[in-house]
There are 4 protein chains.
Amino acid sequence: MFKKHDLRAEETKKAILEAAGKLFAAHGFESVTIREIAKEAGCSHTTIYLYFKDKEGLLHDLSMPALNQLERQFETILSEEKLSLEEKLRGLSREFIRFCLLKRNMFTILFTERAGRVDEAEPELDINRTRNKLFASMMAALQGCLELQQHDNRLLTFSRIYYFALYGIVGTYAHSEESYEQLRERLGSTFDDMVDVLLAGFKKKLNREEGTI
Amino acid sequence: MFKKHDLRAEETKKAILEAAGKLFAAHGFESVTIREIAKEAGCSHTTIYLYFKDKEGLLHDLSMPALNQLERQFETILSEEKLSLEEKLRGLSREFIRFCLLKRNMFTILFTERAGRVDEAEPELDINRTRNKLFASMMAALQGCLELQQHDNRLLTFSRIYYFALYGIVGTYAHSEESYEQLRERLGSTFDDMVDVLLAGFKKKLNREEGTI
Amino acid sequence: MFKKHDLRAEETKKAILEAAGKLFAAHGFESVTIREIAKEAGCSHTTIYLYFKDKEGLLHDLSMPALNQLERQFETILSEEKLSLEEKLRGLSREFIRFCLLKRNMFTILFTERAGRVDEAEPELDINRTRNKLFASMMAALQGCLELQQHDNRLLTFSRIYYFALYGIVGTYAHSEESYEQLRERLGSTFDDMVDVLLAGFKKKLNREEGTI
Amino acid sequence: MFKKHDLRAEETKKAILEAAGKLFAAHGFESVTIREIAKEAGCSHTTIYLYFKDKEGLLHDLSMPALNQLERQFETILSEEKLSLEEKLRGLSREFIRFCLLKRNMFTILFTERAGRVDEAEPELDINRTRNKLFASMMAALQGCLELQQHDNRLLTFSRIYYFALYGIVGTYAHSEESYEQLRERLGSTFDDMVDVLLAGFKKKLNREEGTI
DNA sequence: GATGAATGAGCGTTCATTCAT
DNA sequence: AATGAATGAACGCTCATTCAT
């Protein structure tokens, strides 16, 4: 049972998170000021410091739930039995791209190795762990598609190439003015094609090598 | 014959360029302050304005010589008659990646569309023009390899995918601590493989579509 | 009912306005720095931006209330039916001089044509508009005293001479250490005499010309 | 007999003075930078410090010769026997206005009471002495025109009014963009009229008072 | 005598953050 | 719980001035 205060506090915190999420997504972490977030959330800028350590902390607290949600979406896709392995990889990739283009501040978080500051040991790890899990899921799906052993060097190479391609798509549009919907409309099929191209290329390369040997 | 003055000036200017190059590469143009560059270069922040118009001008003077050199290397590769089209594309890509990983501040410059302020027309354009020329060269080579018409929509799609892949490689390691030599040693063959994979994938996709029709 | 917060804020704002008024009057708008104003007001320079848009905005907020008050005083004088035209001109002049010597920062504002930047249309114009209205009132009164047509070139000449005389009085003492009361005591009759002298001179010149023709 | 060095030095100094005079007159003391003066004078900006203590010192050294020249012109006018007293006052005024509008930096020097810094006692005095002499000349001429005793309070009042009028003219156009020639063309007759108006007004006021008594 | 190199102080402004209530 | 008031640090940039040659 909650008191009124608690409820009110919870609401305020939620409003701040929503505002920050919206603004970070739209203009990027650096460009958004604390005061803008407060205005959007309908509270004073000092209130933000009641719930979050600082601006960076707000970003962190904002990221984890989103990442967890993506994680659950990954799990859902992977557990759908009626999907083929290739379809699963396609689904994961599409979801991953969608996620990054919707919440663009995630780009930095997902793709940039954080310095791992010594002073505050814990919280970064949560993000790193989840991020690694996400990439591992995609790589596992890729492995399945290509029918490669886990320690096959070719899998490592192909995984990296796949990673580069994802990085390229997300990074290219991370700072774009276009909304996700606009990008999806204009480039969605290109993103899909990329998966096709890569899978076809991987397979061709495997065949050729096998044929060669 | 140089006077001591000239030598000192040249050294200072060089120190500033080196410092700026290093810091821009490490943290990005926007994040680096004039004072940080000065500190790294071992001079006062006002000294920078002795040699460069302003921060943008410093970026420009830092970029153009390098870009022009890359441009000439592209021309050399393209004019070598004994190379096949695929080998030329491979060469251009390798050279491009090498360039970006050697001078990492170039990443932002090459891949970020700059506003191109209307009020002072000239200097920004140099960079944009050269950059566009570089990408156009690679896309022309790709077009040749795939034997596509210039206005074939599939060429546009494949060009974008190729661009994403390049962006991914360069962006991934733009802020890495590893030197180019280390990266080349560890990942050079992966970069080469990516070109193979993409070309194979593109061709497969073309065949399948043709076969389908 | 006011909270302590409101009172504190009002005091700070007032302190800033007073400091700015004093310093602008003493050294001119351009020469005074934001930090000097803050020091004089006993606050941090950033606090100024809490209450005023920027330095120009501070000048504006400082000037407009005073100008509006003077405008109303002009209207009062002009609407007093029992005053002759000459007495009205005398009253306007006396009030104008009094105003300028009481709020000396007004001198720059009233007598210096400001660029009126094109990009941000509004605030500058308020000042210009009010200033023009004030001078127009005085010139209309002068016109009435001299019984000249509005487009008579001699009116233009006399108006300019009248303007120069006002400028001279106000400018001479704008940076003086003497208070308005002291100046009024010592020079009030001189100021009044100037109006007499000018009106007499204007009339004499008109008569002579008419006589000549 | 001078050495070459001395001649060269003299030339350089002269070039600096000319450049500074031209630029100060055109844009005002504050707006002109040391480097601009050096560029105009065709020397390095450091050379200026060889001949002048600092920027303020340059202004001072620039002012004295000009003031002395004006002083001599005053003497010439006053010694011309064929001129009436009124014509002499008119001549002095015209010359004074011309001088101030040609060398606008003089405005501040002539009309602003200098703080009289304690640290460097002498040089300011030169300027003050000359300035006082100039005004004294004009007031003496005015006294002659009005046939008043030197200690007549009315002379003091009229002198002040005359001073205000001159201040107004010069101050109004001290920061204008128009050249002296343009102003002379457009407003020369207005300036002349002002002398007429004031003299006529002064006389009328004297007569009326005499008549009244 | 003359100069290019270099600098500290300062400009208006913005920002994340803290203090007192 | 929440807020308005206030601030120090920093930004890119300019300037008069000094140093070493």
Side-chain angles (χ1 to χ4, degrees), chain A residues 3-13 30 32-38 43-56 58, chain B residues 3-13 30-38 42-56 58, chain C residues 3-13 30-38 42-56 58, chain D residues 3-13 30 32-38 43-56 58:
Chain A
K3 289 186 180 176
K4 272 186 184 175
H5 268 179
D6 296 332
L7 276 173
R8 177 98 167 273
E10 234 21 71
E11 272 171 31
T12 304
K13 184 170 184 178
E30 313 254 273
V32 177
T33 74
I34 284 279
R35 277 176 156 81
E36 284 168 349
I37 296 170
C43 70
S44 162
H45 59 281
T46 55
T47 303
I48 293 177
Y49 291 91
L50 243 48
Y51 297 103
F52 307 95
K53 185 182 171 298
D54 53 18
K55 202 184 167 192
E56 191 111 13
L58 172 54
Chain B
K3 292 191 176 176
K4 281 185 182 172
H5 266 168
D6 297 331
L7 279 173
R8 189 116 135 84
E10 215 48 47
E11 270 172 31
T12 305
K13 185 171 184 177
E30 313 254 91
S31 300
V32 176
T33 75
I34 285 283
R35 280 172 169 82
E36 282 170 350
I37 297 171
C43 67
S44 162
H45 63 278
T46 55
T47 302
I48 291 177
Y49 292 92
L50 241 48
Y51 298 101
F52 307 96
K53 186 181 170 297
D54 54 16
K55 204 184 168 192
E56 288 269 358
L58 173 53
Chain C
K3 292 192 177 175
K4 280 186 184 173
H5 267 171
D6 297 331
L7 279 174
R8 189 116 135 85
E10 217 47 49
E11 271 171 32
T12 304
K13 185 171 184 177
E30 311 255 90
S31 301
V32 176
T33 75
I34 285 281
R35 281 171 170 81
E36 281 169 351
I37 297 171
C43 69
S44 162
H45 62 279
T46 55
T47 302
I48 291 177
Y49 291 92
L50 240 50
Y51 298 101
F52 307 95
K53 187 181 170 298
D54 53 17
K55 203 184 167 191
E56 288 270 357
L58 173 53
Chain D
K3 290 187 181 176
K4 274 187 182 173
H5 267 176
D6 296 331
L7 278 174
R8 178 96 167 275
E10 234 20 72
E11 271 172 31
T12 304
K13 184 170 184 179
E30 311 255 273
V32 177
T33 73
I34 284 281
R35 278 178 155 80
E36 283 168 349
I37 297 170
C43 69
S44 163
H45 59 281
T46 54
T47 304
I48 292 177
Y49 290 91
L50 243 49
Y51 297 104
F52 307 95
K53 185 181 170 301
D54 53 18
K55 202 184 167 192
E56 191 111 12
L58 172 54

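Computed from heavy atoms alone, side chains included, the values below leave out hydrogens, waters and symmetry copies. Each chain gets a letter, A, B and so on, in the order the sequences are listed, and its residues count up from 1.
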Distance in angstrom units between [X] [atom1] and [N] [atom2], rounded:
{"X": "B/Arg8", "N": "F/dA20", "atom1": "CZ", "atom2": "C1'", "answer": "8 Å"}
{"X": "A/Ile48", "N": "F/dG4", "atom1": "CD1", "atom2": "P", "answer": "13 Å"}
{"X": "C/Leu50", "N": "F/dG8", "atom1": "CG", "atom2": "P", "answer": "13 Å"}
{"X": "B/Phe52", "N": "F/dT14", "atom1": "CZ", "atom2": "P", "answer": "15 Å"}
{"X": "B/Lys13", "N": "E/dA5", "atom1": "NZ", "atom2": "P", "answer": "10 Å"}

Item checked: Protein-to-nucleotide contact annotation, 5' to 3' order, nucleotides 13-18 of chain E [B base; S sugar-phosphate only; - none; under 4.0 Å, heavy atom] -> BBBBBB
Notebook entry, point to check: For the atom pair CD (B/Glu10) and OH (B/Tyr51), what is the distance rounded to the nearest 0.5 Å?
Noted result: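 That separation rounds to 8.0 Å.
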Next item on the list: Go through the structure and list residues passing side-chain contact (heavy atoms from CB on, under 4.5 Å) with B/Tyr49, not counting sequence neighbours.
Entry: B/Ile34, B/Asp54
Checklist line | Contacts of B/Thr46 that satisfy side-chain contact (heavy atoms from CB on, under 4.5 Å) - sequence neighbours left out | finding: B/Ser44
Margin query: For a stem of at least 3 consecutive Watson-Crick or G-U pairs with distances under 3.5 Å, i pairing with j, i+1 with j-1 and so on, which stems involve DNA chain E?
Written below: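 Output for stems: E:2-21 with F:2-21.
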Margin query: Holding to side-chain hydrogen bond (donor to acceptor under 3.5 Å, both in side chains), I want the full list of residues that pass it with C/Ser31, two or more places apart in sequence or in another chain.
Written below: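 If we apply the side-chain hydrogen bond (donor to acceptor under 3.5 Å, both in side chains) test to C/Ser31, skipping adjacent residues, there are no hits.
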Checklist line | Under the side-chain hydrogen bond (donor to acceptor under 3.5 Å, both in side chains) test, residues paired with A/Thr33 that sit two or more places apart | finding: none
Checklist line | Phosphate OP1/OP2 of E/dG1 contacted by D/Tyr51 side-chain N/O (<4.0 Å) | finding: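 Negative; the distance criterion is not met.
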Margin query: At less than 4.0 Å, is any side-chain N or O atom of C/Ser44 found next to OP1 or OP2 of F/dA6? Yes or no.
Written below: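 For F/dA6, OP1/OP2 do not have a side-chain N/O of C/Ser44 under 4.0 Å.
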Checklist line | Within-4.5 Å side-chain heavy-atom neighbours: C/Leu58 and C/Ile37 | finding: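 A side-chain contact under 4.5 Å exists here.
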Notebook entry, point to check: Any idea which heavy atoms bring D/Glu30 and D/Lys55 closest together, and the distance?
Noted result: O-NZ, 3.7 Å
